[in-house]
Amino acid sequence: MDTNVDIREAVQTIDALITPSLLLDRGRLERNIQRLAEHAGKLGVVLRPHMKTAKSIDVARHVFPGEPGPITVSTIAEAEYFAGHGFRDITYAVGMSPASAVRAMELCRRTGADVKLLLDSVEQADALAGVREATGVTPSVFIELDCDDHRGGLKPDDPKLLEVANRIVAAGANLVGVLAHAGESYGLSRSDALVKAAEDERSATVRAAETLRAHGHACPIVSLGSTPTAHFAEDLEGVTELRAGVYMFFDLVQHGVGVCGLDDIAISVLATVIGSKPEKGWVLVDAGWMALSRDRGTANQQIDQGYGVVCDEKGRVLEDVIVAQASQEHGILAIRAGSGKSMPDLPLGARVRILPNHACAMAAQHHFYSVVNEDSPRIEARWERIRGW
């Protein structure tokens with residue numbers, strides 16, 4: 001079913017939306033997609049976008065306006081969803097469990113998709129033999145690398161790297177390459193530090209691939225990426241593909257890192273003013289953490305954006321107005337601490353847009369996007385999102 005729903009006979013403008021409601025600015029989305037696609041092209045690598053942020057076939061069709069291309073996912077449900085829409089080259093970039101690996105290989109058997117798995121231990125490698133026996137499908141596997149002490153993965157010089165590679169082959173699976181994610185880049189804010197993080201990610205990943213090749217493993221794919229390092233990479237020699245996901249939408253964390261401007265952020269939550277506390281300098285809206293998420297990713301950055309930056313109904317930033325507090329269904333708008341600004345006039349019933357700290361987390365609270373374009377109140381379409389695991 002085509003989820004790009006024509007709504008000309010239903011809601012036509014944001015004024016008629018029930019709030020809170022998730023908005024997606026198509027113009028910003030398209031510019032963000034084009035920006036990284038051009039950068040990857042200049043660096044000579046394949047771009048394998050991560051669909052964990054968007055979780056929408058309609059967004060994917062803007063990334064790939066022709067035939068479906070290579071994608072990354074973070075849940076098997078996403079893999080099943082995108083395979084159902086014709087995507088065949090899929091990397092499941094979360095460490096596999098035996099159960100998730102069986103489910104992924106069953107998807108490959110049903111659809112002909114190539115779902116590549118991720119692991120970093122001998123135990124996971126040994127489990128592949130059982131996966132192959134249970135499904136009749138030979139798994140394709142990446143070894144996950146730890147390039148910056150952020151999460152899982154093996155260090156490029158860990159002796160277990162070769163042991164895991166050998167056990168993958170012994171289990172009858174295909175070792176297709178190495179994969180890294182420079183997650184620590186989210187804590188940076190200077191361009192020189194981001195350039196260095198991108199180079200450290202590249203050199204660590206390439207070094208591991210060279211070690212594997214020196215011991216007889218082909219390692220055809222060298223995959224890396226995070227949204228900050230993807231945009232600040234200056235040289236990707238030895239790398240074959242680049243991954244990023246939140247770049248399609250951007251968010252306040254990425255703004256704090258220095259990857260985007262506020263006017264690049266493509267999603268927001270539309271909310272309605274439902275009251276005020278003038279003596280406290282508060283305006284109350286009907287969007288709490290159930291609509292915005294509990295993510296406070298900017299709290300450790302130079303500028304704490306509370307639960308989100310507030311814009312007017314056309315998407316223009318209201319200077320120094322943030323969602324200072326949030327409960328389940330209430331947001332409290334206030335002037336940022338230390339600011340000399342005054343709260344703008346936001347009467348009962350006024351509409352505001354709230355920009356996300358973390359686009360993935362905000363979008364995850366909603367079933368669909370209401371698609372708008374720049375400051376126009378017209379809703380162009382409703383795009384459904386996949387949810388669950």
Side-chain angles (χ1 to χ4, degrees), residues 45-52 64 67-145 152-154 156 160-181 205-206 208-213 215-225 238-243 245:
V45 295
V46 172
L47 179 59
R48 181 184 290 275
H50 207 316
M51 302 309 299
K52 68 174 183 175
F64 300 103
E67 294 296 315
I71 59 171
T72 313
V73 299
S74 61
T75 70
I76 300 298
E78 291 169 38
E80 293 167 340
Y81 170 78
F82 285 106
H85 286 282
F87 285 81
R88 293 293 176 264
D89 185 356
I90 302 172
T91 293
Y92 172 47
V94 172
M96 55 154 273
S97 68
S100 65
V102 167
R103 187 172 160 198
M105 293 306 99
E106 288 176 342
L107 174 62
C108 295
R109 180 169 48 79
R110 291 195 311 270
T111 66
D114 175 20
V115 180
K116 290 174 277 294
L117 304 173
L118 182 67
L119 56 78
D120 65 356
S121 72
V122 167
E123 292 78 11
Q124 288 170 306
D126 289 346
L128 294 171
V131 173
R132 186 178 182 216
E133 182 178 353
T135 64
V137 178
T138 300
S140 295
V141 185
F142 282 105
I143 296 177
E144 183 177 11
L145 300 176
L154 297 171
K160 289 183 181 178
L161 179 68
L162 288 172
E163 183 182 3
V164 170
N166 292 335
R167 299 286 272 270
I168 289 170
V169 174
N174 294 325
L175 174 58
V176 297
V178 291
L179 180 152
H181 169 66
T205 310
V206 170
E210 290 172 345
T211 297
L212 290 171
R213 290 169 185 151
H215 288 81
H217 298 287
C219 198
I221 304 176
V222 180
S223 178
L224 53 74
V239 174
T240 64
E241 66 176 34
L242 185 65
R243 304 182 327 279

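Treat the numbers as computed from the prediction; the structure is a model and nothing was measured. Residue numbers start at 1 and run along the sequence shown.
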Exercise for the section: Please name the pair of heavy atoms, one in D114 and one in S140, separated by the smallest distance, quoted to 0.1 Å. Expected result: OD1-OG, 3.8 Å
Handout entry: Side-chain donor or acceptor of T135 paired with backbone N/O of V102 under 3.5 Å
Key = no
Handout entry: Non-hydrogen side-chain atoms of Q124 and V164 separated by less than 4.5 Å
Key = no
Completion exercise
Heavy-atom closest pair (P156 atom, L161 atom, distance to 0.1 Å) is O-CD2, 3.5 Å
Practice task
Answer yes or no: is there a side-chain heavy-atom contact under 4.5 Å between L118 and T91?
Solution key: no
Practice task
Indicate yes or no for a side-chain donor-acceptor contact from R213 to the backbone of A218 under 3.5 Å, with no hydrogens or angles considered.
Solution key: yes
Problem - Atom pair CG (L162) and NE2 (H215), whose distance is rounded to the nearest 0.5 Å - result: 5.0 Å
Problem - Side-chain touch L145/L224, heavy atoms, less than 4.5 angstrom - result: no
Handout entry: Side-chain heavy-atom pair V137, E106 within 4.5 angstrom cut-off
Key = no
Handout entry: NE2 on H85 to CZ on F64, rounded to 0.5 Å
Key = 14.5 Å
Problem - Residue pair P139 / V131: nearest heavy atoms and the distance that separates them - result: CG-CG1, 4.2 Å
Handout entry: Spatial distance of atom CG (L179) from atom CD (E144) [nearest 0.5 Å]
Key = 7.0 Å
Handout entry: Criterion side chain to side chain contact (heavy atoms under 4.5 Å, CB included) on L119 and V141, from CA distance to verdict
Key = CA-CA 7 Å; L119 56 78; V141 185; 3.4 Å; yes
Exercise for the section: Decide yes or no for H217 and N166: does some side-chain heavy atom of the first lie under 4.5 Å from some side-chain heavy atom of the second? Expected result: yes
Problem - Expected output: side-chain S100 to main-chain M96 donor-acceptor under 3.5 Å - result: no
Fill in the blank from the handout: So NZ of K116 and CZ of R48: to nearest 0.5 Å the spacing works out to 4.5 Å
Exercise for the section: Kindly give the heavy-atom pair with the smallest separation between N174 and I168, and that separation in Å. Expected result: C-CG2, 4.3 Å
Handout entry: side chain to side chain contact (heavy atoms under 4.5 Å, CB included) between L117 and M105, intermediate numbers included
Key = CA-CA 9 Å; L117 304 173; M105 293 306 99; 4.1 Å; yes
Completion exercise
d(K52 NZ, R243 CZ) to nearest 0.5 Å is 9.5 Å
Practice task
Please lay out, stage by stage, how E241 and I221 fare under the test side chain to side chain contact (heavy atoms under 4.5 Å, CB included).
Solution key: CA-CA 7 Å; E241 66 176 34; I221 304 176; 3.7 Å; yes
Fill in the blank from the handout: Distance col, row M51:CE vs F87:CZ, nearest 0.5 angstrom, shows 6.5 Å
Exercise for the section: Might you point out which heavy atoms bring A171 and L128 nearest each other, and give the distance in Å? Expected result: CB-CB, 3.9 Å
Fill in the blank from the handout: Here the pair of heavy atoms bringing L212 nearest to C219 is CD1-SG, 4.1 Å
Practice task
Check whether any side-chain heavy atom of P68 sits under 4.5 Å from a side-chain heavy atom of R88, and report yes or no.
Solution key: no
Exercise for the section: Would you mind reporting whether I71 and V73 have side-chain heavy atoms less than 4.5 Å apart? Expected result: yes
Handout entry: Minimum side-chain heavy-atom gap V45-T240 below 4.5 Å
Key = no
